[in-house]
Structures are given as structure tokens and as C-alpha cells.
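Down below is the structure, laid out as C-alpha cells.
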2 protein chains.
Amino acid sequence: MERPDTPSEQRESVHIRTLADLAKLAGVSTGTVSRALAGSDLVKTKTRDFIQALAREHGFRPNQMASKLRTQRTGIIGVVIPLGHELKQHISDPFFMKLIGHLADELTENGYDLLLSRAIPAETPDWLDRICWSGMVDGVIVIGQSDQFDAIEQVAKAYPKLVIWGSHRPGQHQCTVGTDNIEGGAIAAQRLVDSGARKLAFFGYRTGIEIADRFSGVQRVVKQAGASLLHLPCHMSDQLMEAELREHLAANVDSIDGIVTASDLIAMTTVRLVTEMGRSVPGDVQVIGFDDLPLASQTFPPLTTMRQDIEGGAKAMVAKLREAIEGCGIEPLVMKPQLIERGTTKALS
Amino acid sequence: MERPDTPSEQRESVHIRTLADLAKLAGVSTGTVSRALAGSDLVKTKTRDFIQALAREHGFRPNQMASKLRTQRTGIIGVVIPLGHELKQHISDPFFMKLIGHLADELTENGYDLLLSRAIPAETPDWLDRICWSGMVDGVIVIGQSDQFDAIEQVAKAYPKLVIWGSHRPGQHQCTVGTDNIEGGAIAAQRLVDSGARKLAFFGYRTGIEIADRFSGVQRVVKQAGASLLHLPCHMSDQLMEAELREHLAANVDSIDGIVTASDLIAMTTVRLVTEMGRSVPGDVQVIGFDDLPLASQTFPPLTTMRQDIEGGAKAMVAKLREAIEGCGIEPLVMKPQLIERGTTKALS
DNA sequence: GGCCAATTTGCAATCGATTGAATATTTTGT
DNA sequence: ACAAAATATTCAATCGATTGCAAATTGGCC
């Protein structure tokens with residue numbers, strides 16, 4: 001602006017890349033520059049303003065790597081998704097994505113950045129240690145236990161700044177935040193039984209303990225009610241799920257009148273396939289999903305589903321992690337699931 | 001296992017935290033340890049195995065911060081979402097989440113970690129510089145241009161390792177990967193016109209240039225066809241969207257027979273609201289979404305929508321960024337959108 | 001003007017791993 | 001058995017910012 005004939009690149013005669021460069025330019029020591037940029041009042045107001053102006057003019061910003069190394073505080077939280085029993089695509093699962101979105105919001109608001117990684121425990125057994133002890137992060141959040149409960153348990157014994165989204169087991173060391181999955185499964189099954197279902201089915205792989213818990217909740221209620229229960233495994237990723245469900249349903253649709261699924265995505269696809277096969281939902285088959293993602297209310301008919309408080313969970317995880325970072329011991333949180341009644345279940349008599 | 005009476009914590013008599021600790025324990029210098037762990041063949045096989053075994057036994061892993069500082073290679077890609085004109089919740093927008101998911105997959109496969117941050121340009125004008133020059137990342141991916149095209153342009157002139165998801169403008173410096181949004185808007189509008197719509201509307205804020213492009217594509221076709229066009233701004237986040245749409249539709253539903261929306265989420269909500277208001281889709285009002293997210297095929301009726309190749313885009317972004325990191329100049333990629341015909345448009349006569 | 005205290009600034013060690021150059025050890029050849 | 005060559009290892013500088021402590025400057029006061 002001032003001197004339109006001078007390209008801005010050239011005005012920065014020498015590129016200022018380090019504190020030392022800037023110190024030389026300003027004619028002071030690096031210590032002073034460092035303090036000036038940090039806004040310390042150990043440095044004279046005039047000097048500080050001068051240095052800050054110089055820094056701004058040259059677009060200088062201190063190397064974070066060096067800074068973090070020296071201060072031993074990274075301001076980064078590792079967020080890991082273990083893909084134990086599912087395929088890669090899993091990471092784009094809407095549930096995870098929603099949780100990550102809320103975590104990102106919450107962490108950013110607390111001044112943290114988020115180092116996202118995907119772990120494949122089958123290939124790298126030390127997936128969690130690797131992140132916890134990398135020196136890169138102030139704390140770690142694990143999204144989903146998958147089949148890694150014991151592995152996480154081992155790490156949690158030594159590394160305190162760790163919060164896990166998942167199921168709670170009595171006596172565990174890991175600090176979990178999550179829904180009472182057994183209860184969730186039970187409530188769903190009970191609702192189906194209450195509206196007349198006798199031939200129940202559960203859709204989803206039980207390899208991860210969260211899903212296994214949901215299944216066992218269903219199982220408990222089914223046993224009490226003297227109903228029957230079919231377990232049909234299916235993947236979480238939309239690519240694989242549809243073909244599996246199609247096959248399962250083709251073989252079993254007539255021996256099922258109530259379905260609890262491991263996720264809303266499975267429920268949604270199930271509803272569509274059942275309808276395509278000429279059965280009515282909820283007339284012939286009732287379906288209850290899990291999660292209550294936004295999409296659950298948008299399908300036709302809208303899904304009855306077990307709601308998990310994802311946003312609340314994300315907030316709680318970040319809050320607990322912050323406590324842990326400050327050195328406090330932290331306690332798990334088990335949230336109650338809530339049945340959201342929509343259009344894929346019959347009215348109660 | 002060997003000595004069940006000794007707790008594993010105790011067996012690690014001293015906790016090995018640094019190379020120096022391990023070096024002392026092994027009776028060699030840190031240099032040798034560093035090389036041994038790196039698997040260098042400058043160190044004798046026997047020594048190397050010994051040191052590696054020792055490291056494994058004590059669960060030692062080198063501090064990444066220090067390593068990255070020294071090597072000047074971080075193995076981290078910054079992924080930023082500028083929330084220019086939208087609210088915080090934006091980050092959990094399913095489109096972004098899907099893109100992030102694919103980016104995470106692709107980056108992880110290429111040995112990179114992903115540092116996710118959310119930027120609020122209105123509060124921090126130097127949001128992008130801050131990340132690019134932080135010394136934390138080897139390269140940066142920006143998801144969505146929002147209203148920051150010019151700001152990004154400035155940064156791109158000086159920082160080459162930058163790839164942007166968004167619209168392409170002739171003569172730009174930034175390397176964009178994205179869909180031809182003008183064309184996308186045009187195709188959608190043309191499809192509506194072809195099946196008889198004359199009173200068109202576009203739903204979405206035009207503050208971001210991508211959405212603005214889609215709008216201008218629609219506008220072009222509408223003008224050619226001599227039809228009318230109503231622009232109804234609405235947010236992307238589900239919280240705000242519904243109320244806005246409800247209001248807009250209440251006022252205008254009868255002067256609209258074809259709608260192009262800025263996203264599938266908007267389209268989905270629109271279809272539901274229009275139906276609730278006693279109009280039929282696509283009978284009275286046809287709707288075309290944008291993105292073709294998985295949810296688009298699951299609604300009732302399933303959405304006709306303009307497909308963006310998100311997975312392909314993510315792959316391309318990572319590939320280009322890798323080239324840039326290796327010092328190559330890189331070229332933008334404009335992908336063709338594709339019309340996916342489903343149930344929210346009338347058959348062509 | 002001179003002395004003590006308060007304020008600024010500089011110096012140098014530090015965070016922890018990496019790596020080129022120098023030194024030490026082993027191997028090879030005769 | 002000895003020199004030369006090949007292999008292993010150590011030493012010390014380096015990445016770039018931070019910070020305790022020491023040194024220098026400034027200010028206040030008699």
C-alpha cells in the first residue's frame with residue numbers, strides 16, 4: 001500500500017524464520033525476543049511493542065515444535081480410533097464422525113488441537129502406547145473399545161491421561177465415558193416385547209464389547225419374556241452391511257418380528273430392505289436402532305432408537321481429560337440411554 | 001510371566017524415558033542407541049538387537065517432539081476447517097465429516113498423522129498462516145473456502161504445501177481440488193426445468209464461494225429457460241436449518257415447484273417439511289440435493305442429488321500434497337459433478 | 001553526585017533426539 | 001605380527017524456543 005512499487009515479498013529483505021533472526025534484526029537477545037512475544041512484563045513496554053511490531057511485519061511466528069519440546073506441554077490431544085474388528089472405512093461411520101466433531105469443537109474451545117489417528121491393533125499391538133508415550137500429546141482419547149478392552153486396560157495402568165469412549169466394566173482401570181449398553185439393549189428389547197414381538201433378532205457383530213453388551217441386554221430380556229432370539233452379525237460400514245443384511249433377511253425375515261440393531265445405520269438399511277421385501281415396518285417387523293443420529297429422524301418411517309448423548313459424552317470426556325492432565329484421579333461416567341419412540345415400532349397396547 | 005511374584009511395574013526398576021537413560025543402561029552412547037533404534041546398519045547387529053530388546057523390555061519410545069524438531073520433518077498434515085460464515089456446529093456437518101474420514105484414511109496409509117483444527121477467521125485473521133508456519137506440519141489441507149478465498153490466496157503465494165477443497169477461479173494461486181460447482185448448479189437446475197419446473201428456488205447461504213457458484217449455475221439456466229428463481233438463505237447446521245426452512249417454506253411453498261439445495265442435509269429437511277405441509281414431493285415440488293452422502297439414498301423418497309466424488313477428492317488432495325511436499329509444483333483439479341436420479345424429481349417426459 | 005533498589009536485558013543451560021566427523025575397535029592381508 | 005582397511009562407537013554440534021540466574025541499566029532519594 002505505502003509503496004506499491006515494492007512487492008511485499010521483497011520488503012521482507014531477509015526472511016525471519018527463527019527467534020535468533022528476529023533478535024539480530026531487533027538488536028537484542030533471543031531471550032528478550034522470546035519474552036517479548038510471550039507478552040511477559042519482564043521486558044520494557046517499549047521494547048516489547050517494538051519487537052512485536054517487527055514480528056508482525058515479518059510474519060514471524062515461533063516454531064511450535066521447539067517451543068513444545070522446551071515447555072513439555074504440547075497443547076495437543078491424541079484422538080485414536082482402534083479398528084479392531086472392522087474395516088478401514090469404519091472411520092467414516094457417522095457415529096464416530098459425530099463424536100469426533102463434538103470432540104473437536106470442545107477441545108478447540110479449550111485451547112487444544114487434535115491429533116487424529118486410526119489404529120489397526122491387529123497390525124500394531126502397541127498402537128496405544130505408541131501414541132501415549134510419543135511425547136506429542138498431553139492426553140489421549142480413545143473412541144470405541146472395539147476388541148481392545150484388555151490392551152487399553154494395560155496402558156491405562158501406567159498412563160493416567162487417558163479417557164475412553166465405551167462400556168464400563170466393574171473394577172476397570174480405564175476411565176470410560178459411555179452409555180449403559182446392557183441397559184440400552186434391554187430397554188429396546190423390552191419395548192419390542194411390550195408391543196407384541198416374540199421372535200426377536202439382533203443385528204451386528206459382537207466382537208466389540210459395546211455391541212456385545214447391547215446384545216447381552218437384549219438376551220436377558222428375551223429370556224425373561226420367553227421369546228426367541230436370533231443373532232445376525234453384520235458390519236458397520238455401509239459398503240458391506242447391505243449385502244450381509246440382504247442375505248440374512250432373505251433367509252430369516254419370516255421368523256422375525258422385532259429387531260434391535262447395533263447402530264442407526266444398520267436399522268435404516270434394515271427398514272429399507274424389509275420394506276423392499278414386501279413386509280411392513282412396523283406392521284410385520286418392528287425395528288429399534290441405536291445412537292439416535294440426526295439421520296434417524298429423517299428416514300421414512302422415522303426410526304425408533306436408543307439415544308446416546310454424544311454431545312454430552314464428548315463434553316464429559318474433555319472435562320475429565322483436563323482433570324487428568326492437571327493430575328487429578330478421574331472416575332468413569334455411565335450415561336443412561338433413552339428410548340426415542342418414532343415410527344418403526346408399534347404403539348403400545 | 002517369568003516371575004509372577006514381581007509386578008511388571010517394579011521390574012522396570014528405573015523408568016527409561018529418554019535415549020540417554022537407555023544409553024546409560026546399555027552402556028553405550030546416545031548416538032548408538034539412536035542409530036540402533038532406527039535400525040541403522042552402522043551399528044553392529046549384536047548391539048542393535050541388544051538395544052532394541054532393551055527398549056522393548058522397558059517400553060521405551062523416543063520423544064517425537066525432539067525427533068521431529070531435529071529432523072525438520074513432522075509427518076503431520078494440518079487439516080483446517082475455516083468457519084467463516086457458519087456456526088461452530090458446522091464441523092460436525094456430515095459432508096465435512098465424510099471428507100475428513102477419507103482424508104484420515106488416506107493420510108494414515110501414507111504414514112502421516114492428522115492435526116485437526118477449526119479456525120474462526122473472524123476472530124483470528126491469521127488463522128491459516130498460524131498453522132502453515134507453526135513448524136508443526138509438513139503440509140496443510142483446508143476444507144472449504146468459506147468466505148476466505150482471498151485470505152487463502154495470500155497465504156498460498158508464500159506457502160506452497162497447501163491444498164484446498166473448494167471452487168476453482170481462473171488465475172488463482174491456491175491449488176484447489178473440488179467439484180465444478182457452477183456446472184453442478186446448472187445441471188441440477190436444467191434437470192428441474194426439463195421435468196417441467198418453472199418456479200425455481202435455491203436454498204442456502206451464498207457467503208462461501210462454493211455455494212455461490214452453485215447458485216450462479218442455477219441462475220444461468222433459470223435465465224436461459226425464462227423461469228423464475230427465489231433465493232432463500234439457510235444455514236448448514238441442523239439446529240438452525242429447520243426453523244429457517246420452515247419459515248421460508250411457509251411463506252413461499254406455493255410459489256415454488258423446483259428446489260436446488262446447497263447440501264443433502266438441507267434437501268432432506270426440505271423434503272420432510274414440504275411433505276408435512278401437505279404438498280407432495282416430487283408431485284408439487286421437486287427437490288435436488290448436493291453431495292450424495294450415504295443418507296441421500298436412505299430417505300423417503302430417496303433424494304435426487306448432485307454427486308461429488310468425495311473419496312476421489314480426498315485421495316487426490318493427499319496425492320497432490322505429497323507432490324508439493326516433495327517440491328513439485330501442483331495443479332488444481334476440477335471434478336465433474338454427476339446427477340444421481342432418485343425419487344425427488346419427476347420422470348422426464 | 002553517589003548509592004541502593006528496581007527494572008531490563010543478556011547469558012547459557014535445557015528440552016531429547018539426530019548426525020557428521022573423529023576416534024576406537026576389529027578384521028583382513030601378507 | 002604388523003600395517004592397512006573396514007567396521008563400530010563416541011563426541012559434540014544441532015534443531016529453535018524457553019527460563020533461571022547473573023549482569024547491566026535505570027530510577028529514586030538524600
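Reminder, nothing fancy here: chain letters follow the sequence lines and each chain counts from 1. As the structure is a prediction and not an experimental result, all values here were calculated from the model.
- In this entry the distance linking CD1 of B/I51 with P of D/dA8 reads 13 Å, nearest Å.
- Computed from coordinates, the A/D49 CG to C/dT8 P distance equals 12 Å when rounded to whole Å.
- Contact annotation: B/T32 reaches the phosphate of D/dT10 (side-chain N/O to OP1 or OP2, under 4.0 Å).
- For the pair B/T47 and D/dT9, the criterion of a side-chain N or O lying under 4.0 Å from OP1 or OP2 is met.
- At whole-Å resolution of the value, CG in A/L37 and P in D/dT19 are 13 Å apart.
- The ring-ring contact (aromatic ring centres under 6.0 Å, His included) test applied to B/F60 returns no partner, not counting sequence neighbours.
- Atoms NZ (A/K24) and C1' (C/dG10) sit 17 Å apart, rounded to a whole Å.
- The salt bridge (charged side-chain N to carboxylate O under 4.0 Å, His left out) analysis of residues 36-54 of chain B, with sequence neighbours excluded, yields no pairs.
- Across D/dG16, D/dT9, C/dT18, the shortest atom-to-atom separation from the side chain of A/N63 is found for D/dG16.
- Across every non-hydrogen atom of B/T74 and B/G135, the tightest pair is CG2-O, 3.6 Å.
- One interatomic measurement links the two molecules: CZ of A/R35 to C1' of C/dA12, which rounds to 12 Å at whole-angstrom precision.
- For the pair A/L42 CG and C/dA6 P, the interatomic distance rounds to 15 Å; values are reported in whole Å.
- Non-hydrogen atoms lying under 4.0 Å from DNA chain D are contributed by nothing in residues 129-137 of chain A.
- Residue B/V28 places its side chain closer to D/dT10 than to any other of C/dG10, C/dT18, D/dT10.
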Original post:
Does the side-chain contact (heavy atoms from CB on, under 4.5 Å) test come out yes or no for A/I81 and A/I100, once each step is laid out?
Top reply: CA-CA 10 Å; A/I81 304 181; A/I100 292 174; 3.7 Å; yes
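- Looking at heavy-atom distances under 4.0 Å, A/F60 makes contact with sugar-phosphate atoms alone, never a base.
- Between the axis at the start and the axis at the end of the helix from C/dG1-D/dC30 to C/dT30-D/dA1 there is an angle of 40°, using five pairs per end and rounding to 10 degrees.
- Residue contacts shown for B/R17 are limited to sugar-phosphate atoms, with no base heavy atom under 4.0 Å away.
- Taking side-chain N and O atoms only, A/S29 has no distance below 4.0 Å to OP1 or OP2 of C/dT9.
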Original post:
After noting the C-alpha distance and the side-chain angles of A/H58 and A/L25, does the key distance pass the side-chain contact (heavy atoms from CB on, under 4.5 Å) rule?
Top reply: CA-CA 11 Å; A/H58 288 80; A/L25 194 71; 3.6 Å; yes
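- A pairwise comparison of heavy atoms in B/Y159 and B/C132 identifies CE1-O, 3.4 Å as the closest pair.
- Nearest to the side-chain atoms of B/T18 among the listed nucleotides D/dT18, C/dG16, C/dG10 stands C/dG16.
- Across the protein-nucleic acid pair, B/D41 atom CG and D/dT7 atom C1' stand 11 Å apart, rounded to whole Å.
- Of all heavy-atom pairs spanning B/G166 and B/T176, the tightest one is O-CB, 4.1 Å.
- C/dA17 atom P lies 13 Å from atom CZ of B/R61, rounded to whole Å.
- Between A/Q174 and A/A156, the shortest heavy-atom contact is CA-CB, 3.8 Å.
- Under the salt bridge (charged side-chain N to carboxylate O under 4.0 Å, His left out) criterion, the residue pairs touching residues 159-169 of chain B are B/R169-B/D213, with sequence neighbours excluded.
- Looking at which nucleotide of DNA chain C each of B/K44 and B/P62 is closest to, the 5′-most match is held by B/P62.
- Closest heavy-atom contact between B/C175 and B/L162: CB-O, 3.9 Å.
- Closest approach of A/Q148 and A/W127 over heavy atoms only: OE1-NE1, 3.0 Å.
- Applying a 4.0 Å cut-off to non-hydrogen atoms, the residues of residues 64-72 of chain A that approach DNA chain C are A/L69, A/R70, A/Q72, listed by residue number.
- Using modelled atom types, no side-chain atom of A/D138 and backbone atom of A/I77 make a donor-acceptor pair closer than 3.5 Å.
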